[in-house]
There are 2 protein chains.
Amino acid sequence: MEKLPIEVEQAASILKLLGDKTRLTIVSILNQRECCVCELLEVFDMSQPSISQHLRKLKDAGMVKEERRGQWIYYSLNHQCELYGFIKGILERMLVPEEKIQQIEQSNVTLKCGC
Amino acid sequence: MEKLPIEVEQAASILKLLGDKTRLTIVSILNQRECCVCELLEVFDMSQPSISQHLRKLKDAGMVKEERRGQWIYYSLNHQCELYGFIKGILERMLVPEEKIQQIEQSNVTLKCGC
DNA sequence: TTATGATATAACTATATACTTATATAATAT
DNA sequence: ATATTATATAAGTATATAGTTATATCATAA
């Protein structure tokens, strides 16, 4: 399933999505843990709409899925996505953004969320 | 060497370069055979400067190297590039553009080039 | 019901990008 | 020398993109 070769055109559109520092970092974080928007907001020097818009693009491409829990919407990588193997292959060769993940975990956002 | 993890920022810039259909196709073709500009020109519905500009970007990133042979300049993937393993990993999951490669080989461009 | 907090959407803007055409450079052939 | 062929570079343009601020939606809490 992971090993099915991908069309050039399809690959290009995925790579274009991942070819943005902010989005690639988001995806790399989501590969470690699910996050709500306000958690991601902790580690980017950027407005909330900007983060939401990036997540929207990732969702539209099927790379990411969302799940509402009360007030919060949790985003996570969509392992069911037919391109997940392709994406995983890329993430595996990248450094995990430990610092940002720590920053999220040390923020009190999660406490407020109660998750 | 291939397995050293890559910084997010560096990965993003490579993925952005590959996230263009034309460039990704070029790279995918060069993964099979070296080509001169006029050969690539055979398989893209695009002006010569456009192809040259794409090759320039790939060269600037170190992904591609060039070698002049007389009138022609041959482009090929730069296996010495520290990111070659990363790129190769992506190409391995993609369909080879056989049709375009055939098109290049059946064109008489190579005959004229005498290579 | 009203206020608050989390997120999404809309509208706008500045910049980046992928093309184009025109021209320059460089090698070969006549 | 001059013409031809291959390629690069310059300049211009239309569109895409990533950000912004303002506002809407939706869930919870008071």
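Letters A, B, ... mirror the listed sequences (proteins, then strands); counts begin at 1. Computation of the quantities below employed the complete heavy-atom set of this structure, encompassing side-chain atoms and omitting hydrogens, waters and symmetry-equivalent molecules. These figures come from a predicted structure and were not determined experimentally.
Following rounding to the nearest Å, D60(A) (CG) and dT17(D) (P) show an atom-to-atom distance of 13 Å. The interatomic distance linking L40(A) (CG) with dA6(C) (P) rounds to 14 Å, in whole Å. Atom CD1 of I73(A) is separated from atom P of dC26(D) by 10 Å (rounded to the nearest Å). Rounded to whole Å, atom P of dT7(D) lies 8 Å from atom CZ of R68(B). Per the geometry, CD1 belonging to I26(A) stands 11 Å off P belonging to dA18(D), to the nearest Å. If you take OH of Y74(B) and P of dT5(D), they are 17 Å apart, rounded to a whole angstrom. If you measure from atom CG of D20(B) to atom P of dT15(D), you get 17 Å, rounded to the nearest angstrom. Rounding to whole angstrom units, CG of residue L17(A) and P of dT17(D) are separated by 9 Å.
Put simply, the residue from N78(B), V27(B), L77(B), L30(B) that forms a side chain to side chain contact (heavy atoms under 4.5 Å, CB included) with M63(B) is V27(B). Residue S76(B) forms a side chain to side chain contact (heavy atoms under 4.5 Å, CB included) with just one option from E66(B), K65(B), E67(B), and that option is K65(B).
For the pair R68(B) (side chain) and G70(B) (backbone), a donor-acceptor distance under 3.5 Å is present. Not a single donor-acceptor pair under 3.5 Å links the side chain of Q32(A) to the backbone N or O of I29(A). With hydrogens and angles disregarded, a donor-acceptor distance shorter than 3.5 Å links the side chain of E39(A) to the backbone of C36(A).
Residues from residues 41-57 of chain B that place a heavy atom under 4.0 Å from any atom of DNA chain D, listed by number: Q48(B), P49(B), S52(B), Q53(B), R56(B).
Among the nucleotides dT7(C), dC19(C), dA27(C), the one closest to the side chain of Q71(B) is dA27(C).
At the phosphate of dT17(C), neither OP1 nor OP2 sits under 4.0 Å from any side-chain N or O atom of R23(B). Residue Y75(B) places no side-chain N or O under 4.0 Å from the OP1 or OP2 atom of dA6(D).
Heavy atoms of K16(B) sit under 4.0 angstrom from primed sugar atoms or phosphate atoms, though from no base atom.
Taking all atoms of both residues into account, the shortest heavy-atom contact from L24(A) to V8(B) is CD2-O, 3.5 Å.
Proximity of L4(A) to F86(A): side-chain heavy atoms (C-beta onward) are nowhere separated by under 4.5 Å.
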